[in-house]
Amino acid sequence: MLRRLTQEHQDHVITRVMQYVEMNYFRSCTLQSVSTHVHVTPNYLSHLFKKETGQGFSQYVSRRRIEKAKLLLHRTRQSMADIAEQTGFDNSSYFTTVFKQMTGVSPREYRKQKDEQVDKEIGGIPHK
């Protein structure tokens, strides 16, 4: 019974962390600030998050930010600097570095690929 309660508590903590990140990814979203929000120590949260999700907390935050950036790159014509700022990156250079590490292409290349994909779909040429 205690083990089940402990697992439920851990699941609840992780759910709250993910919700917090989803609502605050564009701000400073540090292990310290999130652990304070969910009332656990940063060390405990770091260990628990990795155990429960299979990825580190910082990696998770970066992935969420990059997913949001992909949407903005595809759906808007905003500058890289604006997108970097809106997704919580300190500067566009760091944003570009993280984006390329996670996707294999730069933000500009990603936008160009998406634009070309849309052009092919509109032109009736099937996407390969």
Side-chain angles (χ1 to χ4, degrees):
M1 174 98 164
L2 182 58
R3 181 175 283 184
R4 193 183 79 207
L5 287 175
T6 301
Q7 184 61 48
E8 287 175 7
H9 171 73
Q10 291 174 351
D11 291 347
H12 181 67
V13 167
I14 297 303
T15 299
R16 287 178 55 217
V17 167
M18 290 178 163
Q19 289 171 340
Y20 183 89
V21 170
E22 189 63 29
M23 299 302 293
N24 295 282
Y25 67 88
F26 52 89
R27 297 186 181 121
S28 177
C29 212
T30 64
L31 186 62
Q32 178 66 46
S33 64
V34 176
S35 66
T36 299
H37 178 76
V38 297
H39 309 291
V40 298
T41 67
N43 193 39
Y44 176 74
L45 179 56
S46 178
H47 173 75
L48 179 63
F49 198 87
K50 178 81 171 182
K51 182 181 111 182
E52 295 295 316
T53 68
Q55 63 185 320
F57 174 77
S58 295
Q59 183 181 23
Y60 176 77
V61 172
S62 292
R63 285 193 187 286
R64 294 305 304 141
R65 288 175 170 166
I66 294 302
E67 289 306 313
K68 300 296 184 181
K70 286 168 139 183
L71 290 173
L72 292 171
L73 286 164
H74 181 58
R75 296 180 180 169
T76 73
R77 302 311 307 163
Q78 294 178 32
S79 71
M80 299 304 143
D82 287 345
I83 291 173
E85 182 179 335
Q86 288 179 33
T87 54
F89 288 94
D90 291 334
N91 61 64
S92 59
S93 177
Y94 182 61
F95 164 64
T96 299
T97 298
V98 174
F99 193 97
K100 191 163 187 172
Q101 285 174 343
M102 292 195 167
T103 65
V105 295
S106 73
R108 288 192 201 307
E109 291 167 337
Y110 179 85
R111 177 179 272 166
K112 184 179 176 195
Q113 288 173 359
K114 287 296 181 180
D115 288 349
E116 289 171 355
Q117 180 181 350
V118 168
D119 288 348
K120 286 181 182 178
E121 290 170 359
I122 290 173
I125 301 170
H127 181 60
K128 294 181 184 178

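Since this is a predicted model, take the numbers as computed values, not measurements. Residues take their numbers from the sequence shown, with the count starting at 1.
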Trainee: For a side chain to side chain contact (heavy atoms under 4.5 Å, CB included) check, start with the C-alpha distance between Gln10 and Tyr44, then their side-chain angles and the critical distance, and finish with the verdict.
Mentor: CA-CA 10 Å; Gln10 291 174 351; Tyr44 176 74; 3.7 Å; yes
Trainee: So, taking the atom named CG in Leu72 and the one named CD in Gln86, what distance separates them when rounded to the nearest 0.5 Å?
Mentor: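 Here the interatomic distance stands at 5.5 Å.
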Trainee: Check whether any side-chain heavy atom of Met18 sits under 4.5 Å from a side-chain heavy atom of Thr53, and report yes or no.
Mentor: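 Result yes, sub-4.5 Å side-chain heavy-atom pair found.
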Trainee: Salt bridge or not between Lys112 and Glu109? Use side-chain N to carboxylate O under 4.0 Å.
Mentor: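 Glu109 and Lys112: not salt-bridged.
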Trainee: Would you say that Met102 contacts Glu67 through its side chain, given a criterion of any heavy-atom pair below 4.5 Å between the two side chains?
Mentor: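 Side chain of Met102 against side chain of Glu67, heavy atoms only: no contact under 4.5 Å found.
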Trainee: Going from CZ on Arg64 to CG on Asn24, what distance comes out if it is rounded to the nearest 0.5 angstrom?
Mentor: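 Here the interatomic distance stands at 13.0 Å.
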Trainee: Phe95 and Ile83: which non-hydrogen atoms are nearest, and at how many Å?
Mentor: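 Heavy-atom minimum between the residues: CZ-CG2, 3.9 Å.
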Trainee: Go through the structure and list residues passing salt bridge (Lys or Arg N to Asp or Glu O under 4.0 Å) with Asp11, not counting sequence neighbours.
Mentor: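 Applying salt bridge (Lys or Arg N to Asp or Glu O under 4.0 Å) to Asp11 gives none.
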Trainee: Under 4.5 Å between side-chain heavy atoms, hopping through other hydrophobics if needed: is there a path connecting Tyr25 to Phe99?
Mentor: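 No; tracing contacts between hydrophobic side chains, which count when under 4.5 Å, never links both residues.
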Trainee: For Pro107 versus Thr96, what's the shortest heavy-atom pair and its separation?
Mentor: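 Smallest heavy-atom distance, with atoms named: CD-CG2, 3.8 Å.
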Trainee: Applying a strict under-4.5 Å side-chain criterion to I, L, V, M, F, W and Y, I'd like to know whether Val105 and Val98 cluster together.
Mentor: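 Yes, one cluster joins them.
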Trainee: What distance separates Glu85 CD from Asp90 CG, expressed to the nearest 0.5 Å?
Mentor: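 It comes to 10.5 Å.
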Trainee: Can you find a pair of side-chain heavy atoms, one from Val13 and one from Leu48, that are under 4.5 Å apart?
Mentor: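 Sidechains of Leu48 and Val13: in contact.
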Trainee: For the pair Val17 and Leu45, evaluate side chain to side chain contact (heavy atoms under 4.5 Å, CB included) and give the outcome as yes or no after the intermediate values.
Mentor: CA-CA 9 Å; Val17 167; Leu45 179 56; 3.6 Å; yes
Trainee: What pair of heavy atoms forms the shortest contact from Met23 to Arg27, and how long is it?
Mentor: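 The answer is O-NH1, 4.2 Å.
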Trainee: Distance check, rounded to the nearest 0.5 Å: Asp82 atom CG versus Met80 atom CE?
Mentor: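 Between Asp82 CG and Met80 CE, I get 10.0 Å after rounding to 0.5 Å.
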Trainee: Take Phe89 and Ile66 through the test side chain to side chain contact (heavy atoms under 4.5 Å, CB included) and record every step on the way to the result.
Mentor: CA-CA 10 Å; Phe89 288 94; Ile66 294 302; 3.8 Å; yes
Trainee: Report yes or no: do Leu73 and Val118 belong to one cluster of Ile/Leu/Val/Met/Phe/Trp/Tyr joined by side chain heavy-atom distances under 4.5 Å?
Mentor: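 Shared cluster, no.
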Trainee: I would like to know whether Tyr20 and Val38 meet side chain to side chain contact (heavy atoms under 4.5 Å, CB included); could you show each step before the answer?
Mentor: CA-CA 9 Å; Tyr20 183 89; Val38 297; 5.7 Å; no
Trainee: Of the non-hydrogen atoms in Lys70 and Thr103, which two are nearest, and what is the gap between them?
Mentor: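 Minimum heavy-atom separation between Lys70 and Thr103: CE-CG2, 3.8 Å.
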Trainee: Answer whether the closest heavy-atom distance between the side chains of Glu52 and Gln7 falls below 4.5 Å.
Mentor: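 Answer yes - side chains close enough.
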Trainee: Got a donor-acceptor contact below 3.5 angstrom from the Ser33 side chain to the Cys29 backbone?
Mentor: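 Pair absent, no side-chain N/O of Ser33 close to backbone of Cys29.
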Trainee: Using the rule that Ile, Leu, Val, Met, Phe, Trp and Tyr join whenever any side-chain heavy atoms are under 4.5 Å apart, tell me whether Tyr60 and Tyr94 fall into a single cluster.
Mentor: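 No; tracing contacts between hydrophobic side chains, which count when under 4.5 Å, never links both residues.
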Trainee: Rounded to the nearest 0.5 Å, how far does NE2 of His37 lie from OG of Ser35?
Mentor: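 With rounding to 0.5 Å, OG (Ser35) is 11.0 Å from NE2 (His37).
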Trainee: About how many Å separate CZ of Arg16 and NE2 of His39, when rounded to the nearest 0.5 Å?
Mentor: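 So the gap between those two atoms works out to 5.5 Å.
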